[in-house]
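Throughout, a chain's letter reflects where its sequence line sits, starting with A, and its residues are numbered from 1. Note that these values count all heavy atoms, side chains included, but never hydrogens, waters or copies made by symmetry.
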Amino acid sequence: MSPRRILVTAALPYANGPIHIGHLVEYIQTDIWVRFQKLRGNQCIYICADDTHGTAIMIRARQEGRSEEELIAEVQAWHERDFAGFDIEFDNYGSTNSPENLALCTEIWSSLRKADLIVEKNVSQLYDPEAGTFLADRFVRGTCPKCGKTNQPGDSCECGHAYSPADLIDPVSTLSGATPEIRESLHLFVELEKLHDFLNDWTQSNQHLQEEVTNYLKGHFLHEPLRDWDISRPAPYFGFEIPDSPGNYWYVWFDAPIGYMASTKQWCDRHGQNFDDWWRNEQTEIHHFIGKDITYFHTLFWPGMLKSAGFNLPTKVHIHGFLTVGGEKMSKSKGTFVKAETYLKYLDPSYLRYYYASKLGPRLDDLDLNLDEFVAKVDSDLVGKVVNLASRSAKFVEKVGLSAAYPDDGGLFAQGAAVGEEIAEAYENCDYNRAMRMILELAGRANPFVEAAAPWTLRKDPSKAQQLQDVCTIALNLFRQIVIYLAPVLPRLAEQTAALLNSPIESWQQAQTPLTGTPVSKFQHMLQRVNPKDVNAMIEDSKEPEIISTAASQFNDSDQPLKDEPLADEISFDEFVKVDLRVARVIAAEHVPEARKLLQLTLSLGGNETRNVFAGIKAAYNPDDLVGRLVVMVANLAPRKMKFGLSEGMVVASGSGGDEVFLLSPDAGAQPGQRVH
RNA sequence: GGGCCGGUAGCUCAGUCGGUUAGAGCAGGGGACUCAUAAUCCCUUUGUCGCGGGUUCGAGUCCUGCCCGGCCUACCA
């Protein structure tokens, strides 16, 4: 079989934040696949870039008082450093803010124009007159027009109601605090519906996508006319200005995927390769690895753009799920939002590469990082089973090296060679956990062999020197075979093994033939067991007070109250409704002469229904100020006998006590007796 | 509400085309070994295959209804 030519991409990380262990699922998954392809002798390149355009970058640069170019250069340097730290090896790492990208965007744009796919429409959008920019939905907050909840984002409310930011009551720009105004501007759209038949065909056939994704697209988008795609943003915007529409810029999601091509172009130029061999040649395979959040862009717009411009279509879009830690979303406050940089301060990248590989499958399921399992798997699988093979046999043959001929091993090596293609198939299908299982099975057979052959006994008898060398030759060859199969996941281990046995590991085929007659270097530890203390330290180091959103921080609310009194355990709705909260009117309020803290309140629930309540609010309220006002009471609390009489409920208030008491009151219009739901 | 995926041992999961007595790793229990990073090896305990119904000579596997979980999505399939 002749070598395949394969172009592989991972999604472009946005140049607005650090790489974290969630990102790494994708880059490690992709890196393993690329290394596997290279080991198999295919011509394969791993292409990526920073995604640098858009409002968020522009705003952040502005806030930091520097140019966008300076910001994205700094972030890109961080990204590249982090990736390198995890042995993620790109053939080219570019930037969407490159001349190559501009040239390709221009070319594809003119193709879309020629295909008559571009239309112009006016769009009403909120504009921040102070910041001088149009506002994306997430930069606007206001009151929900349906339920009246305040401080809701620009696209939808907690109550589930969706709206356009222009519908918000009292909208506020989170950038400047100014009240946005509605401005109309011209936007350019791609008429995706004109490509409907093509997309239907492409997504539903030939296994370009996982089956779930095919179904998803069919059910969510392709069953109805495709909406026009808004592909431009008016100035000011950080990006490329559209050549034939001055003052308008390509939306970041137009130029981002083209960044795959631009980065390929850079690689081609450096290596004297022809760009068209990679993007305009039916023989070339193109594989995109992405997270499920950006499915839409990569399975509809992107193929549509490529088709219209006459480029290769993706051979396959591999979509993975998100990372959870301990079964929950990554959380900054819990310390599970671990940055790549922080991880590397405490732990070996090989651990994470192996752990992810042992959990990754071909489907979109989320991947859970369980820290106890992480420690156990690395210790038991990698150190205990795999590396141990070398660790327990290498030093016996340091002086003599491997036997000149491969001895009889009872068929162990041949068994390992025989499953090579099956393991390869699992890698090829991104079924890494299956591959890891099969590989570990080999280690599970090799250790009992060493146990039975007992080299530590043989070495005591000089007449058995040849037998000792043979046994170690077998053990080290079984080890090496395993390491070759693991090489895509653990490139460092492969290098260490090559150094130990003085023979480079560079091809999958090497697992088919035992190594003989080479010298054996002095054995050095290849991988330490995981120290759980380091794992804990990493989590501690990652803890930071969670910033809920830019809008919350704008109000500068302290986190002290929550710290003083953390959230209670979750309750069910049924439990909640047991508490009967009612609006009540204070119809009388008096001091209790002998009580230090109490006021006696008479609350009306409307009609003749009244309740006598003793409330510990004396230090904070004057009785006279309370009469007439509405409060919220717990109406079905068991009555409690107190020194001064029977208290028939509780008035709800926040605050720490003393004069720090704040009664809750309903908004105007509430009636005594109404239940609070 | 709808869509997709899942539910198998204490935990993580495998289980092909429906085929004998449902498996592995980890954890637990017992033993061995002392080369190896408290590593390794041998033996061993553990199951309402989510629940009900159906098809079948035979169902973890196929069909169907329901329950539970995850993700996605939302006057829309």
Side-chain angles (χ1 to χ4, degrees), chain A residues 146 155-157 159-163 209-227 291-296 299 319-324 326-329 348 355-356 358-398 422 425-426 431-460 468 471-472 475-476 478-479 523-532 572:
Chain A
K146 188 167 189 183
D155 51 353
S156 63
C157 170
C159 74
H161 185 58
Y163 41 76
L209 306 171
Q210 288 127 302
E211 203 185 336
E212 309 92 291
V213 181
T214 298
N215 290 338
Y216 163 74
L217 294 174
K218 193 159 126 191
H220 281 82
F221 301 102
L222 294 167
H223 68 286
E224 60 185 9
L226 292 161
R227 272 172 246 156
K292 59 187 180 181
D293 52 329
I294 54 176
T295 298
Y296 182 60
T299 56
I319 307 181
H320 61 81
F322 295 145
L323 179 72
T324 56
E328 297 177 358
K329 276 188 182 168
D348 186 326
Y355 183 78
Y356 281 171
S358 76
K359 305 272 282 189
L360 275 166
R363 290 200 303 261
L364 282 81
D365 303 330
D366 288 347
L367 187 159
D368 186 48
L369 167 58
N370 177 301
L371 293 170
D372 293 333
E373 187 194 27
F374 172 82
V375 175
K377 247 191 154 66
V378 171
D379 283 356
S380 153
D381 291 0
L382 289 186
V383 181
K385 293 257 168 35
V386 176
V387 174
N388 189 39
L389 280 170
S391 169
R392 68 194 310 197
S393 55
K395 74 173 193 184
F396 298 135
V397 284
E398 261 169 31
E422 208 182 331
E425 196 186 325
D431 202 351
Y432 300 163
N433 76 66
R434 182 174 159 79
M436 295 307 108
R437 266 202 317 276
M438 286 191 283
I439 294 168
L440 260 292
E441 218 177 289
L442 300 179
R445 286 203 285 265
N447 273 305
F449 165 80
V450 178
E451 200 76 18
W456 49 93
T457 309
L458 296 175
R459 73 164 168 168
K460 290 174 187 162
L468 174 64
V471 166
C472 294
L476 288 169
L478 296 176
F479 169 68
F523 181 79
Q524 294 168 358
H525 278 186
M526 294 176 162
L527 201 63
Q528 300 298 318
R529 292 165 59 79
V530 186
N531 188 343
S572 68

Checklist entry - Could A:Glu451 and A:Arg392 be called an ion pair, given the rule that one side-chain N must be under 4.0 Å from one carboxylate O? => result yes

Notebook entry, point to check: Relative to A:Phe322, does A:Lys329 satisfy both conditions: NZ or CZ under 6.0 angstrom from the six-membered ring centre, and within 45 degrees of the ring's axis?
Noted result: no

*asked:* Taking only the P atom of each, what is the distance from B:G28 to B:C62 in whole angstrom?
replied: 36 Å

When the P atoms of B:C26 and B:A22 are compared, how many Å lie between them, rounded to an integer? 22 Å

So A:Pro448, base contact, sugar-phosphate only, or nothing? Heavy-atom distance under 4.0 Å.
sugar-phosphate

Practice item. Give a yes or no on whether a salt bridge exists between A:Arg434 and A:Glu422, defined as a side-chain N under 4.0 angstrom from a carboxylate O. Key: yes

Ranking A:Arg363 and A:Asp381 by the position along RNA chain B of their nearest nucleotide, the one closer to 5' is A:Arg363

Closest to the side chain of A:Arg529, out of B:C13, B:A39, B:C35, is B:A39

Between A:Lys377 and B:G25, does any side-chain N or O lie under 4.0 Å from OP1 or OP2?
no

Regarding the side chain of A:Trp456, the nearest nucleotide among B:C33, B:U12, B:C26 is B:C33

Any heavy-atom pair between the side chains of A:Val450 and A:Leu389 that's under 4.5 Å? yes

Margin query: Please report the distance separating the P of B:C75 from the corresponding atom of B:A14, rounded so that it comes out in whole Å.
Written below: 35 Å

| query | Taking the same atom, C1', in B:A24 and in B:C71, what whole-Å distance lies between them? | reply | 28 Å

Q. Within the structure shown, what part of the strands sits under 4.0 Å from A:Leu364 by heavy-atom distance: base, sugar-phosphate, or nothing?
A. nothing

Distance flag, aromatic centroids of A:Phe221 and A:Tyr296, threshold under 6.0 Å:
yes

Looking only at B:U37, B:C72, B:C5, the nucleotide nearest the A:Val383 side chain is B:U37

Using the C1' atom on both, measure B:C4 against B:C42 and round to a whole Å. 46 Å

Taking atom C1' in both B:C66 and B:G7, what distance in whole Å separates the two? 14 Å

What residues 432-447 of chain A contributes to the RNA chain B interface at heavy-atom separation below 4.0 Å is A:Arg437, A:Asn447

Comparing A:Asp366 with A:Asp379, nearest RNA chain B nucleotide closer to 5' gives the residue A:Asp379

Margin query: Categorize A:Val387 for me: base, sugar-phosphate, or nothing, with a 4.0 angstrom heavy-atom threshold over every strand shown.
Written below: base

